[in-house]
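Reviewing the structure listed below.
Quick caveat, the model's predicted, so the values are computed rather than measured.
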Amino acid sequence: MSRVRRFTHSLLSGYAQLGVNTLFTLITVRLALHYLSTDEYGLSMPVATIAGYVALLDLGMSGAAARILIDYKDHQKPEEYGGIIKTSALVGLAQAALIVVVGIGLAFVLGPLERISPPLRGKFFWLVIGQCCVTAGMFATRIVSLILTANQRFDVGNYSGSAGLAANGAVVWWGFAHGVGVFSLIWGQAAGVLTILILCVIYCGKLKLLPREGQWGEASWEKFRELFAFGQDIFLYMLGAQFVNFSQVLLLTPLIGLEASVIWTVCTRAFAIPVQVIGRVFDYSTSALAEMMVRGERAQLLKRFRDVTILSINLAVAAGAIFAVTNAPFVHIWTKGEIHWRVINDVLLAFWLIITVTVKLHTGLVGQTKNLHGLRYLYFVEGIAFIGVTILFHGYGGITVMLLTSIVCSLCCTTPYGLWRSRDYFHLTWKQLAAWHKSTFLLAATVAPVAAAVWLFTRNLPALEQLVLRGGVVGLWTALMFLRHGLASSVRADACRQAPNWAKPLLTRMGAAHPET
């Protein structure tokens, strides 16, 4: 199977999984709001964020293993591939044990620090321990999914993930209905992790991705040092990213209260969809891009990364416009008017989406080179700056100030650095790199005014009518403009080859009308 076909299959299966995940989220949130009190459901928000920080005990080893496995999978000595698998598996088991110990310690001290009311601290205590145990289980078994990643079989992980979400949702529903309460969320996650593990193991064997008998090699300190050297760079990078992207709930809870955390979580649920949809374009490209680096296919690497960059950022512009005008009525309908926030926050999230995608692309390329250099510190500095500025100025606008701080910190730190590293890696001029984004400005110039006009003329309508009209008009116009301006010529050619017969004439006509992007 060619790289393009593997990528296409991975992308489509990834979007199918995203659909399952969206359905899972909608159902579980409504179930939680029905069966749990606001305060009890609010406990799960900081607990999930705490688990994200505990996962930093990974120390970048997962990312390092996924990338280094690509170096070894085509190695002339097959036992080297088996040795790195064994070493990574042992590291995962050790980290899982550490996570359990740390989780127990955190459970004792975080209740008072997070200002959890005394009647809820008992539940919070066991939620933290349960969440950390589930996280530990994921660490102990992660090597299976890393093998699939290194061999560009994201599709298997996507199908397994969909099955895991189904198991998760079934257990959560049963737990809520039988009085298990907020702990149902933990048991559901455990069921999902077990389901994914079983399916991934079966497919690794079926696809013959594991070393053959006699080719397993041995775990060694040398391979551990190779993993750790790269992993510590990734760790610093991820720590900064964690501060910027996942600290909101932890900050909002002590600064404003649990209600603010619930508002943030609910009002940004829809935002998570375009982030995941667009992020998958690069995520499913990483293994192929890294393979091109290992094999020295420099020209092909430049072409594919440019295509992925243009496609992803243009998708962010399109999705941001649609999100900015539809999120408010969607939240109003979804929560029956119980939860809402300022419209400016939706606009800021649209800008943040474009910036987030840009940073992900260019810093992601740096990560695949295995030479992070200053990035490992820069992202960490950005994260510290974000937390510090938010704490200082939250009283002037709460969530809005937090979003503005995220945007400004990124524009001052990781965005320019990532662009500079891409330009330097491919030996481009700034003008050549800027030319990649010509189509982005054309797309934004044709979509943004229409989105603003539609929002203005529908702002006094009922929420359902707002959602239908804004989604329909802005969505259709954005789709047409994306087909005209948003696809690079090489991507359009690939799309024509992969598309069904009925769609090929449309893509061809759009390409003829706007041959260069």
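Residues Phe351 and Leu404 are not in side-chain contact: their nearest non-hydrogen atoms beyond the backbone lie 4.5 Å or more apart. Side-chain atoms of Arg269 and Trp334, non-hydrogen and from C-beta on, do get closer than 4.5 Å to each other. A 4.5 Å side-chain heavy-atom check between Arg306 and Gln432 finds every atom pair outside the cut-off. Counting heavy atoms from C-beta outward, Gln466 and Ile333 have side chains that stay 4.5 Å or more apart. For the pair Leu372 and Tyr377, the minimum side-chain heavy-atom distance is 4.5 Å or more. Two residues are said to be in side-chain contact when any heavy atoms from C-beta on lie closer than 4.5 Å; Met481 and Leu442 fail this criterion. The shortest distance between side-chain heavy atoms of Ile147 and Ile85 falls below 4.5 Å. Side-chain contact between Arg298 and Tyr425 is present, with at least one heavy-atom pair separated by less than 4.5 Å.
Here the CG-OG distance, from Leu227 to Ser88, works out to 4.5 Å after rounding to the nearest 0.5 Å. Between the CD atom in Gln152 and the OG atom in Ser285 there is a gap of 9.5 Å [rounded to 0.5 Å]. One finds the CG atom of Asn151 at 14.0 Å from the NZ atom of Lys208 (value rounded to the nearest 0.5 Å). Atoms CG and OG1, on Leu403 and Thr268 in that order, are 9.0 Å from each other to the nearest 0.5 Å. Note: Ser62 OG to Phe139 CZ = 5.5 Å, rounded to the nearest 0.5 Å. Separating the CD1 atom in Ile196 from the OG atom in Ser145 is a distance of 9.0 Å, to the nearest 0.5 Å.
Between Phe271 and Trp352, the ring planes are parallel. Angles under 30° get that label, and only those over 60° would be called perpendicular.
Annotation for Leu353 and Ala319: closest pair CD2-CB, 4.0 Å, computed over non-hydrogen atoms. The minimum heavy-atom distance between Cys413 and Leu378, with the atom names listed, is O-CD2, 3.5 Å. In this structure, Ala324 and Asp346 approach most closely via the heavy-atom pair O-CB, 3.8 Å. Smallest separation of non-hydrogen atoms from Ile310 and Ser439: CG2-OG, 3.7 Å. In terms of heavy-atom proximity, Leu146 sits nearest to Ala66 at CD2-CB, 3.8 Å. Closest approach of Ala318 and Leu443 over heavy atoms only: N-CD2, 4.4 Å.
Around atom CE of Met138, no more than 12 heavy atoms belonging to other residues, nucleotides or ligands sit under 6.0 Å away. Atom CZ of Phe330 has more than 12 neighbouring heavy atoms from other residues, nucleotides or ligands inside a 6.0 Å radius. Remark: Tyr15 OH is packed, more than 12 non-hydrogen atoms of other residues, nucleotides or ligands lying under 6.0 Å away. Heavy-atom neighbours of Tyr203 OH from other residues, nucleotides or ligands within 6.0 Å: at or below the threshold of 12.
There is a side-chain donor-acceptor pair under 3.5 Å between Glu226 and Tyr72. Side chains of Tyr417 and Arg421: a donor-acceptor N/O pair is present below 3.5 angstrom, by distance only.
Listed by first and then second residue, the side-chain hydrogen bond (donor to acceptor under 3.5 Å, both in side chains) pairs that reach into residues 440-459 are Asn314-Thr440, Thr458-Arg470, sequence neighbours excluded.
With hydrogens and angles ignored, the 3.5 Å screen pairs a side-chain donor or acceptor of Glu382 with a backbone N or O of Thr414. With hydrogens and angles ignored, the 3.5 Å screen pairs no side-chain donor or acceptor of Ser422 with any backbone N or O of Leu419. Asp71 places no side-chain N or O within 3.5 Å of a backbone atom of Val294 that could act as its donor or acceptor partner. Checked by atom type and distance alone, the side chain of Ser410 never pairs as donor or acceptor with a backbone atom of Ile407 at under 3.5 Å. No donor-acceptor pair closer than 3.5 Å links the side chain of Gln368 to the backbone N or O of Ala290. In this structure, the side chain of Asn158 engages the main chain of Ser10 through a donor-acceptor pair within 3.5 Å.
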Next item on the list: Could you check Asp283 against Lys360 for side-chain contact (heavy atoms from CB on, under 4.5 Å), going step by step and ending with a plain yes or no?
Entry: CA-CA 9 Å; Asp283 290 340; Lys360 179 184 179 70; 2.9 Å; yes
Could you check Thr149 against Phe154 for side-chain contact (heavy atoms from CB on, under 4.5 Å), going step by step and ending with a plain yes or no?
-> CA-CA 6 Å; Thr149 297; Phe154 296 97; 3.7 Å; yes
Please lay out, stage by stage, how Trp430 and Trp420 fare under the test side-chain contact (heavy atoms from CB on, under 4.5 Å).
CA-CA 8 Å; Trp430 283 111; Trp420 173 73; 3.9 Å; yes
Could you walk me through whether Phe482 and Leu311 pass side-chain contact (heavy atoms from CB on, under 4.5 Å), step by step? CA-CA 10 Å; Phe482 180 82; Leu311 177 61; 3.7 Å; yes
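For Arg295, the salt bridge (charged side-chain N to carboxylate O under 4.0 Å, His left out) partners are Asp74, Glu291, not counting sequence neighbours. Applying the salt bridge (charged side-chain N to carboxylate O under 4.0 Å, His left out) rule to Glu297 yields the partners Arg3; only residues at least two apart in sequence or on another chain are considered.
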